[in-house]
Amino acid sequence: MRYEDWADSDHRVLAVAHAQGRRPAVAAAARALSFAGEHGALWIAAGLAGAALDRPHRAGWLRGTALIGAAHLASMGVKRVVRRPRPHPGQYPPLVRTAGRHSFPSSHAASAAAAAVTFAALSPPTRPLASAAATAMCLSRLVAGVHYPTDVAAGALLGAATATAGRAWLRGGGGTPGAPRA
């Protein structure tokens, strides 16, 4: 596939997703998710809540929270190198303000995907909820008009890869959190 084909696909998918923001409830949800996900705040707070509530596995939750932060920081580093501008505001009026002007990769998507992988590893019953919340966060960036689909896909891949790479550290050599201990 040629670059022009990718760019055309990016714009087509973004146009469809962004158009959903004309519905007040969808726009409100996209704004709320964007605000909650700024700098990974929602996911870091959830990880810290897990550490507070699951005392036997506190260290795992704190490591998982650190992995979410690492994914966010990695995405910020890539943004500084790639420097892809956000979608043109005249074509895709943004529903939210952004912390920066660069869009690739999506830091919201990176921290969301890292959280989904991390939370599923720490507490397998949370997998459906964590995955659904991360997916909603990723889609909100398109509805808000502040990222292209490839920004979101790259951010999600970066976040999932960061969390997956840290799984052994997440477990801290003490086995899988939630598993019976000998």
Inset, instruction - Could you tell me whether the side chain of Ser140 reaches within less than 4.5 Å of the side chain of Arg31, counting heavy atoms only? - result: no
Legend entry - From Ser106, Ser103, Ser75, residue fulfilling side-chain hydrogen bond (donor to acceptor under 3.5 Å, both in side chains) relative to Asp151: Ser103
Legend entry - Leu42 reachable from Leu122 in the ILVMFWY side-chain graph, under 4.5 Å edges: yes
Legend entry - Point-to-point distance, once rounded to the nearest 0.5 Å, from NE2 of His88 to CG of Leu14: 13.0 Å
Legend entry - Residue pair Arg86 / Tyr92, side-chain heavy-atom distance below 4.5 Å: no
Inset, instruction - Name the orientation class of the two ring planes belonging to Tyr148 and His11 (parallel below 30°, tilted from 30 to 60°, perpendicular beyond 60°). - result: perpendicular
Legend entry - Note, Leu67 side chain near Trp169 side chain (heavy atom, < 4.5 Å): yes
Inset, instruction - Is it possible for you to say whether Leu33 and Ile44 belong to one hydrophobic cluster, with membership spreading through side-chain heavy-atom contacts below 4.5 Å? - result: yes
Legend entry - Under 3.5 Å side-chain donor-acceptor pair for Asp10 and Thr150: yes
Legend entry - Least distance between heavy atoms, Gly21 atom then Leu95 atom: CA-CD1, 4.1 Å
Inset, instruction - Check Ser34 against Arg141 and note the closest heavy-atom contact, atom names and distance. - result: OG-NH1, 2.7 Å
Inset, instruction - Could you grab the distance from atom OG of Ser111 to atom CG of Leu158, nearest 0.5 Å is fine? - result: 10.5 Å
Legend entry - pair Phe119-Ile68: side-chain heavy atoms closer than 4.5 Å: yes
Legend entry - Distance, nearest 0.5 Å, that separates CH2 of Trp61 from OG1 of Thr118: 9.0 Å
Inset, instruction - For Arg167 and Ala121, work out which heavy atoms get closest and say how close. - result: NH2-CB, 3.3 Å
Legend entry - Thr65 side, atom OG1; Leu48 side, atom CG - distance, nearest 0.5 Å: 4.5 Å
Inset, instruction - Measure across Ala17 and Leu142 and return the closest heavy-atom pair with its distance rounded to 0.1 Å. - result: CB-CB, 3.6 Å
Inset, instruction - Please check if the side chain of His18 supplies one atom and the backbone of Pro93 the other of a donor-acceptor pair under 3.5 Å. - result: yes
Inset, instruction - Mind listing the closest non-hydrogen atom pair of Ala134 and Ala116 along with its distance? - result: CB-CB, 3.9 Å
Inset, instruction - Would you mind reporting whether His108 and Cys138 have side-chain heavy atoms less than 4.5 Å apart? - result: no
Legend entry - Least distance between heavy atoms, Pro94 atom then Pro89 atom: CD-CB, 3.9 Å
Legend entry - Approximate separation, where rounding is to 0.5 Å, of Arg101 CZ and Arg84 CZ: 15.5 Å
Inset, instruction - Please tell me if the side chains of His102 and Pro85 come closer than 4.5 Å, counting only heavy atoms from C-beta onward. - result: no
Legend entry - Basic-acidic side-chain contact under 4.0 Å: Asp8, Arg12: yes
Legend entry - Heavy-atom side-chain contact between Asp54 and Ser123 under 4.5 Å: no
Inset, instruction - First locate atom CE of Met137, then atom CH2 of Trp43, and finally report the distance between them rounded to the nearest 0.5 Å. - result: 5.0 Å
